[in-house]
Amino acid sequence: MSTKTMIETNTPASTLRHKLRIDDVNMIFTRDGKSLPVLENINLEVFDGEFICLLGPSGCGKSTLLSAIAGFLKPTSGDILIDGEIVRGPDPRRIFVFQERGVFPWLTVEGNIGFGLGKLPRAERSRRIAHYVKMVGLEGFEKSYPHELSGGMKQRVEVARALAVNPDVMFLDEPFGALDSITRMIMRGELLRIWQAERKTILFVTHDIDEAVQLADRVVVMSARPGRIQEIVPIDIAHPRDISSPRYLELRDGILSQIGLAHNL
């Protein structure tokens, strides 16, 4: 049985605008002539400006789901709609940020951030590059090349490049997974600061429960493959979130229990 889950919010539903709707999506891959169910009966509604984390164990299909929403994969059955239109392929209004850092090594910070802005007048392009350089805290590094930057700085460049093209939606697939724990914490704070300023709709894949509870408006908990939506957890704590607060710990422990880890830690 499929379940359609909407956001729980204090804001009247009539004032919220749907951005994304997933209707009964299934994904089956074929390997060596055998069918491999990857996603099963996925239903979800996301509102404009929401920060959604897709959380689940490795191999549960969360990255596959994100790729389908972004238009890189076609569901075996079911529909994915953004702004009421069925997603039939990638769209330049929607930007994907991968775990493996995708900065161009032959371009400077400025060149990377401005990569998708070639059609803009030079003055507007320069203004936008400067705006996002400042937003991600890379002032003074505009002329630097990626090999001169730390891992966290490279990830900031990629986020800035994604934001510079003014996307409707940002898809982030474990973008901080390759960073050390301290840099991850810093980047989470930076991403939240940027999201609060820009209010883009964000879908963020992670297998880190603390990362999900720290970032998301709602956490979509997925089961092991074939991936199903096991539970959707509204995170009713204002930012910045105190990770030692009773409510934070209650939400985190509830998700741990949901995925069967509460008694294994």
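Count residues from 1 along the sequence. Scope of the values below: all heavy atoms of this structure, side chains included, with no hydrogens, waters or symmetry mates.
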For this session: Please report the closest heavy-atom contact between M135 and A197, naming both atoms and the distance.
Result: CE-CB, 4.1 Å
For this session: Please say whether more than 12 non-hydrogen atoms of neighbouring residues, nucleotides or ligands are located less than 6.0 Å from OH in Y248.
Result: yes
Exercise. Is the backbone N or O of A70 less than 3.5 Å from a side-chain atom of R94, with the two atoms forming a donor-acceptor pair by type?
Worked result: no
For this session: Kindly write out the residues that satisfy salt bridge (charged side-chain N to carboxylate O under 4.0 Å, His left out) with R188, not counting sequence neighbours, or none if the list is empty.
Result: D208, E211
Exercise. What are the two closest heavy atoms between P226 and P37, and how far apart are they?
Worked result: CB-O, 3.6 Å
Problem set entry | Nearest atoms (heavy-atom pairs only) where T206 meets A212 | CG2-CB, 4.0 Å
Exercise. Does F104 have R161 sitting over its ring (NZ/CZ under 6.0 Å from centre, angle to axis within 45°)?
Worked result: yes
For this session: Might you work through the side chain to side chain contact (heavy atoms under 4.5 Å, CB included) test for M222 and L65, ending with a clear yes or no?
Result: CA-CA 11 Å; M222 296 183 66; L65 177 58; 4.2 Å; yes
Problem set entry | Sidechain-backbone polar pair: R184 side chain, F176 backbone, donor-acceptor under 3.5 Å | yes
Exercise. Does the side chain of L192 come within less than 4.5 Å of L215's, by heavy atoms?
Worked result: yes
Exercise. Per the side-chain contact (heavy atoms from CB on, under 4.5 Å) rule, which among I69, V220, I202, I52 passes with V46?
Worked result: I52
Exercise. Are V169 and L81 linked, directly or through other ILVMFWY residues, by side chains that come within less than 4.5 angstrom of each other?
Worked result: no
Seminar exercise, completed: To the nearest 0.5 Å, atom CG of L54 lies from atom CD1 of I229 at 8.0 Å
Exercise. Below 4.5 Å, heavy atoms only, C-beta onward: do I255 and V213 meet side chain to side chain?
Worked result: yes
Exercise. With a 4.5 Å heavy-atom cut-off, do K62 and E174 have their side chains touching?
Worked result: yes
Problem set entry | Salt bridge K154-E158, side-chain N to carboxylate O under 4.0 Å | no
For this session: For residues R252 and D210, determine if any side-chain heavy atom of one lies less than 4.5 Å from a side-chain heavy atom of the other.
Result: yes
For this session: Supply the atom-to-atom distance D48 CG to T201 OG1, rounded to the nearest 0.5 angstrom.
Result: 4.5 Å
Exercise. Atom CD1 in I235, atom CG in L251: separation rounded to 0.5 Å?
Worked result: 4.5 Å
Problem set entry | Steps toward side chain to side chain contact (heavy atoms under 4.5 Å, CB included) verdict (M153, L138) | CA-CA 8 Å; M153 292 168 78; L138 287 175; 3.9 Å; yes
For this session: List, by chain and then residue number, the residues other than I182 in its hydrophobic cluster (Ile/Leu/Val/Met/Phe/Trp/Tyr, side-chain heavy atoms under 4.5 Å); write none if there are no others.
Result: I186
Exercise. Closest approach of S223 and C60, non-hydrogen atoms and distance?
Worked result: O-CB, 3.1 Å
Exercise. Residues in side chain to side chain contact (heavy atoms under 4.5 Å, CB included) with V25, at least two apart?
Worked result: I22, I42, P75, I80
For this session: Report yes if the side chains of L117 and E124 come closer than 4.5 Å at any heavy-atom pair, otherwise no.
Result: no
Exercise. For atom CD of Q196, is the number of surrounding heavy atoms from other residues, nucleotides or ligands below 6.0 Å larger than 12?
Worked result: yes
Problem set entry | Where A164 and I113 come nearest, the two heavy atoms and their spacing | CB-O, 3.6 Å
For this session: Identify the heavy atoms of P167 and A162 that sit nearest to each other, and give their distance.
Result: CD-O, 3.2 Å
Exercise. Hey, does the side chain of Q155 reach the backbone of M187 with a donor-acceptor pair shorter than 3.5 angstrom?
Worked result: no
Problem set entry | Connected via hydrophobic side-chain network under 4.5 Å: F115 and V136 | no
For this session: Hey, could you give me the CD/CD distance between Q258 and E231, rounded to the nearest 0.5 Å?
Result: 4.0 Å
Seminar exercise, completed: The salt bridge (charged side-chain N to carboxylate O under 4.0 Å, His left out) partners of K119 (sequence neighbours excluded) come to none
Exercise. Do Y132 and E198 have side-chain heavy atoms sitting under 4.5 Å apart?
Worked result: yes
For this session: Give a yes or no on whether the backbone of S63 and the side-chain of S67 come within a donor-acceptor separation of less than 3.5 Å.
Result: yes
Exercise. Tell me, do P175 and F204 make a side-chain contact under 4.5 Å, heavy atoms counted?
Worked result: yes
Under 3.5 Å, sequence neighbours excluded: what are the donor-acceptor pairs made by side chains of residues 26-34?
from, atom 1, to, atom 2, distance (Å)
N26, OD1, N41, N, 3.0
N26, ND2, D24, O, 3.3
N26, ND2, S77, OG, 3.2

Seminar exercise, completed: Contacts of F96 meeting ring pair (Phe, Tyr, Trp, His ring centres under 6.0 Å) (sequence neighbours excluded), chain-then-number -> F72, F98
Exercise. Are R228 and E40 within salt-bridge range, i.e. N to O under 4.0 Å?
Worked result: yes
Exercise. Under a 4.0 Å N-O cut-off, is there an ion pair linking K19 with D83?
Worked result: yes
Exercise. Should L44 and I232 be marked as a side chain to side chain contact (heavy atoms under 4.5 Å, CB included) after you check the CA-CA gap, both sets of side-chain angles, and the distance that decides it?
Worked result: CA-CA 9 Å; L44 179 66; I232 298 183; 3.5 Å; yes
Problem set entry | Nearest-0.5 Å distance, CZ of residue R225 to CG of residue L36 | 4.5 Å
Problem set entry | V109 side chain reached by L149 side chain, heavy atoms, under 4.5 Å | yes
Seminar exercise, completed: In this structure, CZ of F51 is separated from CG of L203 (nearest 0.5 Å) by 9.0 Å
Problem set entry | Atom CE of M185 with >12 non-hydrogen neighbours under 6.0 angstrom | no
Exercise. Could you walk me through whether L55 and I209 pass the side chain to side chain contact (heavy atoms under 4.5 Å, CB included) check?
Worked result: CA-CA 7 Å; L55 173 74; I209 294 172; 3.9 Å; yes
Exercise. Does R193 make a cation-pi contact with W195 (under 6.0 Å, within 45 degrees of the axis)?
Worked result: no
Exercise. Among the clusters formed by ILVMFWY side chains lying less than 4.5 Å apart, do V157 and L107 turn up in the same one?
Worked result: no
